Colleague: 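This is the structure I want to talk about, given as structure tokens.
The sequence lines fix the lettering, A, B, ..., with proteins before strands; numbering per chain opens at 1. Just so it is clear, the model here is predicted, and its values are computed rather than measured.
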Amino acid sequence: MRRRKVKSKTSQSGKIDITSYKSKTKSNIYLEDLQELSADQKKNMLAAGVDPSQKARSGTYIQMDHSVVHSKSLYPGLEVMSTTEALKKYKWLDDYFWKVVSFSADEFTKRAQVQPHHGYFLRALSGVKATYPLQACLFINDNNIIQNVHNIIIAEEGSELEVITGCATASDVKRGLHIGISEFYVKKGARLTFTMIHNWAEDVAVRPRTATLVEEGGTFLSNYICLKPVKTLQMYPKAELVGQGATARYNSILFAHPDSYMDIGSRVILKAEGSKAEIITRAVSAGGDIIARGHLKGEAKNIKAHLECRGLIVTDKGIIHAIPELEASIREVDLSHEAAVGKIARDEIEYLMARGLSQGEAQAAIVRGFLDTSIMGLPDVLQKEVDKAISSCEKEAF
Amino acid sequence: MLKIEDLSISVSDKEVLSDINLEIKKGERLALLGPNGSGKTSLLMAIMGFSNYRIKKGNIIFKGRNINKLSIDERARLGIGIMFQRPPTIRGVKTRQLMELIKGGDFNVDKEAEELTLKKFLDRDVNMDFSGGEIKRSELLQVLASSPELSLFDEPESGVDLENIALVGKVMNRILDKNKDNAALIITHTGYIFDYVEPTKGCILVGGRVHCIGDAKQILQTIKKHGYGWCVTCEGEKLKAKHRSLEK
């Protein structure tokens, strides 16, 4: 019964009428000083991990609707600009466009190709290791618009780059469609930590299309956090490990509020010898539906990859459907997965209630523990952002 | 402080406690003795209000108020605290975080954890891979932090080595001595804990029924000598004797 419900909902929730969104909107002015952002904008950006004060940040890119409102690097060797500007500046960048994401993949990629609205270009030059992360924010400020961005991140050889991207809306935005094409390149021996926090509005539809290419000895860490209500969110980012010893890890923390629908997966294709991958997902349904997918594909010798998905159902309304997939085409591969979905344990809640916590407080504590992010090995500054996002979500959810 | 009147409790439709009548007055420490499966833990869980333990009849009265319908946390906030025998593990929640949630304002978590040799456990998940003795000490730390008026101790000494029994006893006394009116219900198999915490009376639970109320140490000695079966018949003998005297 439940299975069928998921299926029918998938097709229903997957359907978005692109023409029902406005493709034109007024432009927003460029801000030299981020303090000029409105209090509401700042608040919603902060909730997505983007700090307008730029404390502990190496640079910032902010796009509002279809306009770049800020774009600046504060660290030598890190480049921050819009992809439009970067394409003008670097002829070679054409080779990085639509290389790992195919523009003909679906109606959303097609739309983003025909009608692009900038997107960020972030690059760490060879050997550059920044102390603080770069931050990028894709913000929807006008109601009912479509925003098509195309982002590129390049971590050149031997560099180390951390990126926090927060997607958010203004408080009065109710509806919108965000299409985000993201192509990431991790060069030889480089390390990219990419943390994305989504802070959308309840009726916003979101279609990120992301792929990453990791070269020899490179490491790609992707952390995805979506704790706020979202109408429909579907994505299946992919990493291709093409160089020997390349590593990819996807961590996802998903919290589905009532009426939220999330179909989220991570896929790693291990194409080079000795490459490694790990996919870890924690999914909580407080009434919404989550399809948690994962796909590991081993195509080279001596690869090792593991997929882990844990789901927690807090109310009787939501659905968590874990779909782990392992695929190997040669012998010497080590692929494994574990998945567990269960409801919040009554004895744990009552144990905490016996210490004087209300039922809501007890649930919140258990869910928080379940979403424990220390497993992710995040750098401190990112860990703090994630903790903040979880705390603010907790206050609203229980 | 606590009055149990004619209480029957069922767990998934099976009656586990029948017609229980008990009273714990202010400052009293009642030792609850009985063989495995006699319903001792069920009685504690029922007093605390756990959802699996349904009241079929009778009343639980705490500080003059019928608490039959109160939730677990309401009972806890009224002043009942429990030391669990087999608490669940709570993944991802650090013991320190839990302590911060339950403690009163002037409770020094680090100092008290040190006292219970639990300092390094503060940064571990609640009850995760704790040994028997570590669970006892962690439970005591939590009860100590919530300062209950009525403490329910479920086998405080089981699985605890001799050295630590003294420590467990010391902390139990601290909980009880915070206020002269503080009372306790202590489940024990061995009575070892009596070397540190003096019971004011004892009672025996066999087959879900209270069979004898009297001096705790005396009862324990009788059990050690003759076993629980004897206690049940002893009760019967006493009743017969009572009937005989009435007949006369």
Colleague: Can a donor-acceptor pair be found, under 3.5 Å and without considering hydrogens, that links the side chain of B/Arg75 to the backbone of A/Gly356?
Modeller: no

Colleague: Check the side chains of A/Glu350 and B/Ser51 for a donor-acceptor pair under 3.5 angstrom, ignoring hydrogens and angles.
Modeller: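 On atom types as modelled, these side chains qualify, holding a pair under 3.5 Å.
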
Colleague: For chain A, which residues of residues 125-156 of chain B have at least one non-hydrogen atom nearer than 4.5 Å to it?
Modeller: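 Near chain A, by residue number: B/Val126, B/Asn127, B/Glu139, B/Gln142, B/Val143.
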
Colleague: Is there any residue in residues 88-95 of chain B with a non-hydrogen atom under 4.5 Å from a non-hydrogen atom of chain A, and which ones are they?
Modeller: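 Listed by number: B/Pro88, B/Thr89, B/Ile90, B/Arg91, B/Gly92, B/Val93, B/Lys94.
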
Colleague: To the nearest 0.5 Å, how far apart are CD in A/Gln359 and OG in B/Ser71?
Modeller: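 The CD atom of A/Gln359 sits 8.5 Å away from the OG atom of B/Ser71.
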
Colleague: Evaluate whether atom CZ of B/Arg86 has more than 12 neighbouring non-hydrogen atoms of other residues, nucleotides or ligands under 6.0 angstrom away.
Modeller: no

Colleague: Quick check: are there more than 12 heavy atoms from other residues, nucleotides or ligands sitting under 6.0 Å from CG of B/Asp123?
Modeller: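 Check passes, neighbour count above 12.
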
Colleague: If you count the non-hydrogen atoms of other residues, nucleotides and ligands that lie under 6.0 Å from NZ in A/Lys343, is the total more than 12?
Modeller: no

Colleague: Within the supplied structure, the quantity of interest is the number of heavy atoms (other residues, nucleotides, ligands) at a distance under 6.0 Å from A/Glu202 CD; does it exceed 12?
Modeller: no

Colleague: Just wondering, are more than 12 heavy atoms of other shown residues or ligands nearer than 6.0 Å to NZ in B/Lys57?
Modeller: yes

Colleague: Please state whether the side chain, the backbone, both or neither of B/Leu98 comes within less than 4.5 Å of a heavy atom of chain A.
Modeller: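 Side chain only.
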
Colleague: If you look only at pairs with a residue in residues 42-68 of chain B, which of them pass as a ring pair (Phe, Tyr, Trp, His ring centres under 6.0 Å), with sequence neighbours excluded?
Modeller: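 Ring pair (Phe, Tyr, Trp, His ring centres under 6.0 Å) check on residues 42-68 of chain B returns B/Phe50-B/Phe84.
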
Colleague: Can you confirm whether more than 12 heavy atoms, excluding those of A/Tyr236, are under 6.0 Å from its OH atom?
Modeller: yes

Colleague: Show the nearest heavy-atom pair for residues B/Asp73 and A/Ser358, with the distance to one decimal.
Modeller: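 Smallest heavy-atom distance, with atoms named: OD2-CA, 3.2 Å.
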
Colleague: Looking at CD1 of B/Ile102 and CG of A/Leu357, how far apart are the two atoms once the value is rounded to the nearest 0.5 Å?
Modeller: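 Spacing of CD1 (B/Ile102) from CG (A/Leu357) equals 7.5 Å.
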
Colleague: Give a yes or no on this: more than 12 heavy atoms of other residues, nucleotides or ligands lie within 6.0 Å of atom CG of A/Asp259.
Modeller: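 Check fails, neighbour count at 12 or below.
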
Colleague: Decide if atom NZ of B/Lys63 counts as having more than 12 heavy atoms of other residues, nucleotides or ligands within a radius under 6.0 Å.
Modeller: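 More than 12 heavy atoms, drawn from other residues, nucleotides or ligands, come within 6.0 Å of this atom.
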
Colleague: Is it the backbone or the side chain of A/Phe370 that comes under 4.5 Å from a heavy atom of chain B, or both, or neither?
Modeller: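 For A/Phe370, backbone heavy atoms alone lie under 4.5 Å from chain B.
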
Colleague: Can you list the residues that meet the side-chain contact (heavy atoms from CB on, under 4.5 Å) rule with B/Asp110, with sequence neighbours excluded?
Modeller: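 Here the qualifying residues are B/Arg96, B/Asn108, B/Lys119, B/Leu122.
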
